[in-house]
Protein chains: 2
Amino acid sequence: MTVSKDVSGGVALWRRIADAIRLDIVGGKLASGDRLPTEAFLAERFSANRHTVRRALAVLAEEGVVGAEQGRGTFVRSARRLSYPIGRRTRFREGLKGQAASLVSQGLSHRIENATAAVAAALGLKPGAKVVRTESLSIADGRPISRSTTWLPYRLFPDFAERIARLQSTTAVFASYGIADYARASTRISARHADVEETKLLGLAPGAILLVSEAVDVDSEAIPISYALSRFPAERMELVV
Amino acid sequence: MTVSKDVSGGVALWRRIADAIRLDIVGGKLASGDRLPTEAFLAERFSANRHTVRRALAVLAEEGVVGAEQGRGTFVRSARRLSYPIGRRTRFREGLKGQAASLVSQGLSHRIENATAAVAAALGLKPGAKVVRTESLSIADGRPISRSTTWLPYRLFPDFAERIARLQSTTAVFASYGIADYARASTRISARHADVEETKLLGLAPGAILLVSEAVDVDSEAIPISYALSRFPAERMELVV
DNA sequence: TCGATTTGTCTAATACACTAGACAACTAAT
DNA sequence: ATTAGTTGTCTAGTGTATTAGACAAATCGA
């Protein structure tokens, strides 16, 4: 049973159009305040019906990316992507400094569990070793920009949960444990669609694309101290190496 | 059953299911030869009808990722993602060595054009300066893994097109110009859906996700020598920093 | 061989995606 | 005030996505 000549690939046309227009905006081809081409023109450009284009624009309007004004046109309202610099010395809050007025990190949950094979391998522990797992959400200027799961060796950071709640910054918590400096050992980057939970927490349209980074940080003696699995909405963030 | 809000986000359920299963496979949760859960189980897990799950599996079968066998089950056929290491010294062919038996680069087209603002900025040229632009496709073990557009200063590499056709490797061409070493100055990583042309060239299901990297390489004196815009199918490649 | 399990095929009903055309409401320039 | 151009709304028809149920065909172990 072949999947005949399905040109849509399971992604609705209105969504592909919305993605394409959003890409022009967050990628900088269209600046804030610019007028978009008319609905008729866009319909032509995407070989679609005007109604289909209108649906795409309605989605973008809901996101706050564009706004339509009857009789005048549709205009770009916001907003470029944030750039998160990744290197040997990667610091989340520091890296985004200056790009957003406010940056809030929310702890969602903390618990102690036994390391799975993957987590153990990343942290250089034996499978089953006790680890602290924290789930968190970061919000820049009111827009969620990352959803992270972090694992740390329980032996080194038994009360990580309490400290991160108090200090907010991971760097500050490490410092409170006497780790003055730490470095990024490896970052693995992939991309996929958001699942239902991520969609809700990050305030995305279902089916949005996430950049996924798996990062291992090590202390000054190259001992792994954290393994983080972070998901960034591709429409709001880009990673710069 | 009234559908209160659009929960699909314009991405069909069968596609989201296919993406989720593929993710388990290319991400390593399911190894080659493993049996997948039964269709009935997957239908339960994704809160979908068995027919919908079957459509997802049909797509994956067409991609060669799984194969169904009547009466027995559905089995994983291939293959983990390739990892492309990115760092100060980034070499495409070298980075993938050992991960694929064959790695072929196809030149699609070459031409000389005037630099756009973005290209000029990346290469440190004046807008409108002459640049060589090459379009290429890389194929590992018969599967396309990247679609790249590269711009180089015409002044430095007037006959880049001929040399890359002969030497295949970018590193080798640079060497032929007397550039013994070069380094990665910056890499910008984002993600988006593939467009129609990319879908065809890369042999993807329409609506597939691409990892997009914008990279600038510089010579030993920090002079930009190339600006490359590469698109990698997220289901076949991951980037490791 | 039998029975349980699993994939393959068929029919049918409902909701959504997309197209098509027409006209209203609003804006800006002439 | 008129007109051309733009977004907003309405009706309607066709194809796809998804659900539902039933049964056939193949596999495997008891």
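Quick note on labels: first sequence line is chain A, next is B, and so on, each numbered from 1.
Among residues two or more places apart in sequence or in another chain, the side-chain contact (heavy atoms from CB on, under 4.5 Å) test is passed with A:V119 by A:A115, A:T116, A:L123, A:V131, A:W151, A:Y227. Not counting sequence neighbours, the partners of B:A161 by the side-chain contact (heavy atoms from CB on, under 4.5 Å) test are B:H110. With sequence neighbours left out, the side-chain contact (heavy atoms from CB on, under 4.5 Å) criterion links B:A61 to B:V66. A search for side-chain contact (heavy atoms from CB on, under 4.5 Å) contacts involving A:N114 returns A:K130, not counting sequence neighbours. For B:Y84, the ring-ring contact (aromatic ring centres under 6.0 Å, His included) criterion is met by B:F92, B:F232, not counting sequence neighbours.
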Write out a two-atom table: protein N or O, nucleotide N or O from nucleotides 1-3 of chain C, distance below 3.5 Å.
none

Produce the list of close N/O pairs, under 3.5 Å, pairing protein atoms with atoms of nucleotides 24-26 of chain C; give distances to one decimal.
unit_1 : atom_1 : unit_2 : atom_2 : d
C:dA25 : N3     : A:Q70  : NE2    : 3.0

List every contact pair, protein side and nucleotides 19-21 of chain C side both N or O, where the distance is under 3.5 Å.
unit_1 : atom_1 : unit_2 : atom_2 : d
C:dT19 : OP2    : A:N49  : N      : 2.8
C:dT19 : OP2    : A:T52  : OG1    : 2.6
C:dA20 : N6     : A:H51  : NE2    : 3.0
C:dG21 : O6     : A:H51  : NE2    : 2.3

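Between the P atom of D:dT19 and the CZ atom of B:F46 lies a distance of 13 Å, rounded to the nearest Å. Separating the CZ atom of B:F75 from the P atom of C:dT5 is a distance of 17 Å, rounded to the nearest angstrom.
Within the helix from C:dT1-D:dA30 to C:dT30-D:dA1, the inter-axis angle between the opening and closing five-pair segments is 30°, rounded to 10°.
The stretch residues 98-116 of chain B participates, sequence neighbours left out, in these salt bridge (Lys or Arg N to Asp or Glu O under 4.0 Å) pairs: B:R111-B:E113, B:E113-B:R133. Listed by first and then second residue, the salt bridge (Lys or Arg N to Asp or Glu O under 4.0 Å) pairs involving residues 115-129 of chain B amount to none (not counting sequence neighbours). Annotation: salt bridge (Lys or Arg N to Asp or Glu O under 4.0 Å) contacts involving residues 25-34 of chain A, sequence neighbours excluded, are absent.
What you find for B:D195 and B:E197 is that their closest heavy atoms are OD1-N, 3.1 Å.
The phosphate of D:dA17 has neither OP1 nor OP2 within less than 4.0 Å of any side-chain N or O from B:R15. Proximity of B:R54 to the phosphate of C:dG8: a side-chain N or O atom is located under 4.0 Å from OP1 or OP2.
Put simply, CG on B:L125 and CG on B:L152 are 10.5 Å apart, with the number rounded to the nearest 0.5 Å.
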